[in-house]
Protein chains: 2
Amino acid sequence: MKKYCYDYPRPSLTVDCAVFGYEAGGAVKVLLIERDAEPYAGTWALPGGFVGMDETLDEAARRELEEETGLANIYLEQLYTFSNVHRDPRGRVISTAYYALVSLAGRTPQAASDARSAQWYPLRKLPELAFDHAHILETAVERLRAKVRYKPIGFELLPEKFTLTQLQQLYETVLEQSIDKRNFRKKIIAMDLLKPLDEFRQGANRPAQLYSFDRTKYRQLEQSGFLFEV
Amino acid sequence: MKKYCYDYPRPSLTVDCAVFGYEAGGAVKVLLIERDAEPYAGTWALPGGFVGMDETLDEAARRELEEETGLANIYLEQLYTFSNVHRDPRGRVISTAYYALVSLAGRTPQAASDARSAQWYPLRKLPELAFDHAHILETAVERLRAKVRYKPIGFELLPEKFTLTQLQQLYETVLEQSIDKRNFRKKIIAMDLLKPLDEFRQGANRPAQLYSFDRTKYRQLEQSGFLFEV
DNA sequence: TATGTTAGTGTCGTATTAACACTAAGCGGC
DNA sequence: GCCGCTTAGTGTTAATACGACACTAACATA
């Protein structure tokens, strides 16, 4: 018994989340779930689901992400709304995609809701994806790369205290290109965004200076719409 | 009698178009319609309307724009999907906004459908707008400015044959800042995007060299994702 | 104490950018 | 016909930003 009736037909609305995970030294990963329900049961897909009547798309994206993978407090940014007429075999479903880049550290997904399992997949070794999610993911990767080139990243993606080498590796991983060490340091230091700490990271070799982000300066820069080219 | 029934409630989906118009020497204008139907009857708004079941959002945006204003063949680009829960008094309505920048020349809107009237409004002298359309417009202006800084504009916005001064004025108008004449010419010429013609524009003063766009080169550059800073 | 590994640092040539002022060509009025 | 007004058109220079490039420092371990 269908209870919700309208004068005109309405498409369904979903959200999908392309969450990229970064881990020092590793490749970029993507958070995927194995679908438990039809259609595409048993197939891997981006976390996502239907939008509720009393939540914004942002809220829906965050909620679905947490429901299906257990990951909360991830800042998602709207990517694009995909509206191909036949993108979903259930009928007319329009989906607004979100994306994010987060640190893998401490973020182990736990499948729940209609996800049979949930895990990080290396971006270069993806399984077959449900719906048009491969296409969504492509779009998200493009956007992520484009964005990283003019907005600094780092918050969230590194431990509270980190070395310049770690920061450089982050950029090299996301951009998939190597960067000159001296030039990178020059530029980052010139931005005056990092606070050198009194600590050093001990280890097998020469101890590395630890830095932390200066969030105040970060926000100032953010508002003035600055450019940041690596 | 409501004929379309579903197991779960569904939001309505609309599209809205922020179409900016440029005219040599004038300020940037925005295409608005005066709503004929409730809610907001008599108030000015962005052209737009409900999405059909067998059309993509892009198609819906183009269709609504033509229905309400008579303007066709405008290349719209997706801007953002606005989903505030109370953005529409009729209930839950989510709207995907599109934007475009076109030449005013020969584009006189003709109201139809549920638009009582349709006209170009100077961006600096806007009336009160319906729904959250003022907010959508703000977002569109930001995006337009950002985009113009790295993608060349000009096609569509100038007559087939134009002078470098006209092209410069276009940039100055859209960016709302003045540009050094010599530097601008140097840069534009260096891009090798313009064909100097054998003609000059006659008028009251020194005749100006006429140029036209070299569309082949434009497409080449477009594909290589080039940057273009003015 | 010798070796291996990562941290850290400066210069220079080149390319890009911004600032800046005068001459050229046509028109209209006198 | 010449003077004045208006718009078109043109190069140089100084400052800055960028990319390329190689060695020394510090520590751990064998």
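As a whole-Å value, the separation of Q209(A) CD from dT6(C) C1' is 15 Å. In this structure, the CZ atom of R185(A) is 10 Å from the C1' atom of dT6(C), given to the nearest Å. Atom-to-atom, CD of E172(A) to P of dT6(C) comes out at 14 Å; the value is rounded to the nearest Å. At whole-Å resolution of the value, CD in Q177(A) and C1' in dG19(D) are 13 Å apart. Atom CZ in F162(B) sits roughly 16 Å away from atom C1' in dA8(D) (whole-Å rounding). The CD-P distance, from Q166(B) to dT7(D), rounds to 13 Å in whole Å. As rounded to whole Å, 7 Å separates atom P of dG8(C) from atom CZ of F200(A). At whole-Å resolution of the value, CD1 in I188(B) and P in dT10(D) are 14 Å apart.
A close approach under 4.0 Å does not occur between any side-chain nitrogen or oxygen of T165(B) and OP1 or OP2 of dT7(D).
Counting heavy atoms from C-beta on, the side chains of C17(A) and Y99(A) never come closer than 4.5 Å. Contact of the V19(B) side chain with the I74(B) side chain is registered, since non-hydrogen atoms from C-beta on lie closer than 4.5 Å.
For the residue pair T81(A) / T81(B), a side-chain donor-acceptor distance below 3.5 Å is found, with atom types taken as modelled. When only modelled atom types and interatomic distance are considered, R185(B) and T165(B) share a side-chain donor-acceptor pair under 3.5 Å.
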*Where protein sits on nucleotides 20-30 of chain D, one letter per nucleotide: B base, S sugar-phosphate only, - none, heavy atoms under 4.0 Å*: BBB--BBBS--
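Taking the ring centroids of F20(A) and Y22(A), they lie at or beyond the 6.0 Å cut-off.
Ring geometry, F162(B) versus F213(B): the interplanar angle falls from 30° to 60°, so the pair is classed tilted.
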